[in-house]
Structure formats: C-alpha cells, structure tokens
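Report on the structure given below.
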Amino acid sequence: MTFMPQSQNTIDPVKLEKLAEVAVKVGLQLRKGQDLVITAPVVALPLVRLITKHAYQAGAGLVTAFYSDEETTLSRYQYGSDESFDRAPDWLYEGMAKAYANGAARLAVAGDNPLLLSEQDAGKVGRANRATSTAYKPALEKISNFDINWNIVSYPNPSWAKVVFPDDPEPIAIAKLAKAIFAASRVDVDDPIAAWAEHNANLAKRSAWLNAERFASLHFRGPGTDLTVGLADGHEWHGGASTAKNGITCNPNIPTEEVFTTPHALRVEGHVSSTKPLSHQGTLIDNIQVRFEAGRIVEAKASRGEEVLNKVLDTDAGARRLGEVALVPHSSPISASGILFYNTLFDENASCHIALGQCYSKCFLNGATLSQEEIKAQGGNSSLIHIDWMIGSNKVDIDGVKPDGSRVPVMRQGEWA
C-alpha cells in the first residue's frame, strides 16, 4: 500500500512537481554524480519523493533522506529522562558533515509546526536546542561557509497550515498555505526556471550597488528602533544565487527576496524591536526588544518566549552578536501577501532582518580564501547558532553611512530609496 497523506489531495500536484524541479535545478543545481542529503518532516514525503526523482534524473549519485515527526518529538518531552535533554545524535551530524566534506549537497524541507513546543518546559527546550547546536556545528560550518551547494524549500504541513490559517478547516488551510508557498517560490508560472533567472538578476543588481557604495555601517530608524550596524571590514553583499566553494551556483533559500552581508561583530550599537514573531524550533518568540553595546546584546526582552530567547542568547559567546544583516523591501511579494507565515524562511523575506550568531564567510571579498582567523579579524562572528529575526516594516528608514560619516538614503518607509 502506498502511503499518501490525506492533505495531498488539497495540494496542486502540478505545482508541487514544479517546486521539486526548482529545488533541484535552481536551488541546488545538482552536479552529475553528486550525492544529496535531504532532511524533511515525514508529512512532506510527497515532495521528497518528487525531489528524489528529479535529483536522480539530474544524475545524482545517491539520495539519502532523514525524516522528523512531530509526535515523536513530543514524546521526548513527555516521557524522556531529564538527562536526555543535554544530548543530541552527534553520530548523525558527524555523518552529515562527512558527507558534505565528501562533496554531497544538502536540501532541507521546512514546514514544522511553529508552535509544536510552545507548551513544553522552556528549560528543556533550551537545553535540547543547545545540545543540537553543539552537535550540528561541524555540519553547519560546511553550510555557512558555503563549502557546498545547499537549499531550503517548504511543504504545507497540516499543523503549520492551521497556525497560519486558524479559522479555516484543515483542508482549506492546507490549500491556502500551499498556494502561498507556490506563489512565493515562483512555481505558479509557466516557466519557473526563467522566472528565477530574472529574479536572480534583479537581486544581483541590488547587491552590486551596495558593494559599490562601500558603506561602513547601516543606520536603522523606526518605532522602537535606533540601531547602527557596523559592517565587517571587506564585507560583500550577496542576494539570490551564490557560487559555493565547490564551484556550483545555487539558490540557498527558496523563496528569497533579500540582499545580505556580514556585520562587524564588535560594531553594533543601539536598540531594535522585532516587527514579526520569531518561530524558533517549536517556540514562538514575539515582540523582541534588545539593546546592543559594542556589538553585544546586553539587554533582551520579549512579550512571549522570553525565557527561550535568553537561553538562546546564552548558547555561546557569539550568540549575542550579529552574523548577518539583510535588506528586503516592504513591498516584496511575501510581504504584499499579508500572510504571517510563522516561518523564518518566509517571514524574513517580507522584512529587513538581522541574524544572531554565525556569519557567512561567503560575505567577504575573497571569502573562499580567508581563514577563520582572518574572518574574525575582519569582524566576522562565530557561533553555534544562526537565527534570523525581522526588524523591517513600512515605518523603518535606513541610511548607509560612509567611512567619512556622510549618509546615503538606502530605504525610506521600507522601500528602496
């Protein structure tokens, strides 16, 4: 008997097939003979099967999928021993890191219930997150350093759909979320591959302008926000497609609307308020307010999930510093949809955002040739985590500040100036 989730009949099969094709041909640009490691919720099996098909059609060597399950995850919190929350399957993550070191590509299918762990003990959630971050670091470094081609796409998990559309019956909620995912991922058009080529070209133009300006910092001003983000020495802006160290040009995030670079870990000053909730590993953190001094968060508050937020900030020395700053116009298609996805992959592409933790070595001039010591010397941050959260809206202005102190308008009321 073939397993087919009940929700599948509410999801357009043609567009789901296109999403799988885009994941392989645009997201990964999988090379012939290259292995692929997939992680996904078990409910996303229909998409994983299609991705696997397209991967093998593209000449993949070996495709290996690892699945997660919400009920299994909850069982740990309900029945697991206390000491188990300080452990993670390091053997698994070591294996993934070895696969990436041997040239495998990585694809993650997102779609977990953003509120899955909201009723669980925050202390256990924090400990489990820290253990996982520690164990996963060898694999994360291969990804964040762009050693490999990698990609994230999403599947309309029923439990996620009900969070986004709580007033609709489950089949309607799934259909609505699927439609929104397909639109944001640019697979609701006749030729998604061509649509992505055009979109990547537009993002490349934005990146080129920012790189030519050579700003020393960005100044964000808006309700609850007066933040100066110093930019790393020798920083480089990127957006859309990126070329990994293995020579493959990939689109890491589908969807994506951002151009991004690396802040200087020691040169962030002021205060900032989040403009959208952050869903972090099953916990919703809302109305974040933080204050920076000399690049470090010295005060942090949240109206919801504050305990988990502070445990995240205590992960390691780099968790209170920034590893990314990204610019997204308020009129982006995801923002214009009016949907709050409770999923960082989507919500970060509706808003300018910053990320706590690990920087991308890709976002430096000649980043592929820099050592970790050189990246640190130029202001790059190092951490076990990399967590994006949203700080942009139609009420936020951004200036680029030159080394001589002169200012250039970058965004006004959330739009490119």
Side-chain angles (χ1 to χ4, degrees), residues 110 114 144 152 154 184 203 206-207 210 217-232 235 237-240 252-265 268 270-281 284-290 292 295 297 300 302 305 309 312-313 319-337 339-360 362-363 381 383 385-398 400 410-411 413-416:
S144 63
I152 307 174
S154 291
L203 291 173
R206 291 291 183 193
S207 298
L210 287 162
S217 64
L218 297 176
H219 184 203
F220 293 75
R221 289 169 296 170
T225 293
D226 186 353
L227 182 72
T228 298
V229 178
L231 302 180
H235 68 275
W237 288 88
H238 287 270
N253 290 351
I254 292 179
T256 185
E257 302 291 336
E258 64 178 329
V259 290
F260 60 97
T261 195
T262 296
H264 196 294
V268 182
H271 59 273
V272 62
S273 299
S274 65
T275 51
K276 291 179 182 289
L278 165 64
S279 176
H280 177 61
Q281 299 194 359
L284 196 69
I285 307 173
D286 201 4
N287 295 315
I288 300 171
Q289 295 177 302
V290 303
F292 287 87
I297 293 176
L309 171 64
V312 166
L313 294 175
R320 289 179 177 267
R321 300 183 185 274
L322 296 185
E324 179 189 348
V325 59
L327 304 181
V328 180
H330 183 70
S331 59
S332 80
I334 297 174
S335 177
S337 74
I339 298 172
L340 179 61
F341 286 88
Y342 299 95
N343 178 299
T344 299
L345 179 63
F346 288 82
D347 291 334
E348 73 171 4
N349 286 298
S351 167
C352 295
H353 54 274
I354 51 181
L356 304 170
Q358 180 66 37
C359 75
Y360 291 125
K362 177 74 177 175
C363 293
N381 192 36
S383 176
I385 67 168
H386 180 95
I387 300 173
D388 300 90
W389 51 286
M390 287 55 78
I391 64 169
S393 74
N394 59 355
K395 298 178 182 178
V396 174
D397 294 337
I398 305 171
V410 174
M411 283 190 163
Q413 295 183 325
E415 299 300 326
W416 292 106

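Bear in mind that the values here come from a model prediction, so they are computed numbers and not experimental data.
Residues satisfying the side-chain contact (heavy atoms from CB on, under 4.5 Å) criterion with Pro252, sequence neighbours excluded, are Phe146, Trp150, Cys250. With sequence neighbours left out, Arg206 forms a salt bridge (Lys or Arg N to Asp or Glu O under 4.0 Å) with no residue at all.
Within the 3.5 Å criterion, the main-chain N or O of Ser393 finds no donor-acceptor partner in the side chain of Ser351. Checked by atom type and distance alone, the side chain of Asp397 pairs as donor or acceptor with a backbone atom of Gln413 at under 3.5 Å. At distances below 3.5 Å, not a single donor-acceptor pair connects side-chain atoms of Asn253 with backbone N or O atoms of Pro255. Listed for the Ser217 side chain is no donor-acceptor partner under 3.5 Å among the backbone atoms of Gly230. For the pair Asp226 (side chain) and Gly222 (backbone), a donor-acceptor distance under 3.5 Å is absent. Not one N or O on the side chain of Asn287 forms a donor-acceptor pair closer than 3.5 Å with the backbone of Ala302. The main-chain N or O of Asn349 is found under 3.5 Å from a side-chain atom of Ser332 such that the two form a donor-acceptor pair. Using a distance-only test at 3.5 Å, with no hydrogens or angles considered, no donor-acceptor pair links the side chain of Thr225 to the main chain of Phe220. Without hydrogens or angle criteria, Ser383 side chain to Gly357 main chain gives no donor-acceptor distance under 3.5 Å.
The distance from the CG atom of Asp286 to the OH atom of Tyr342 is 8.0 Å, given to the nearest 0.5 Å. Here the CD1-CG distance, from Ile354 to Leu322, works out to 5.0 Å after rounding to the nearest 0.5 Å. Atom NE2 of His330 sits about 15.0 Å away from atom CH2 of Trp416, to the nearest 0.5 Å. Between the CD1 atom of Ile334 and the CG atom of Leu340 there is a distance of 12.0 Å, given to the nearest 0.5 Å. Distance check, rounded to the nearest 0.5 Å: CD1 of Ile391 to NZ of Lys276 gives 13.5 Å.
With 3.5 Å as the limit, one finds no donor-acceptor pair spanning the side chains of His264 and Asn381. A side-chain N or O of Glu324 and one of His386 form a donor-acceptor pair less than 3.5 Å apart.
Nearest approach of Ile285 to His280, heavy atoms of both residues: CD1-CB, 4.3 Å. A pairwise comparison of heavy atoms in Val328 and Glu348 identifies CG2-O, 3.5 Å as the closest pair. Closest approach of Met411 and Pro329 over heavy atoms only: CE-N, 3.6 Å. The two residues Thr344 and Ser279 have their closest heavy-atom pair at OG1-O, 3.9 Å. In terms of heavy atoms, Glu257 sits closest to Leu203 at O-CD2, 3.8 Å. Contact between Cys363 and Thr262 at its shortest, heavy atoms only, is CB-OG1, 3.2 Å.
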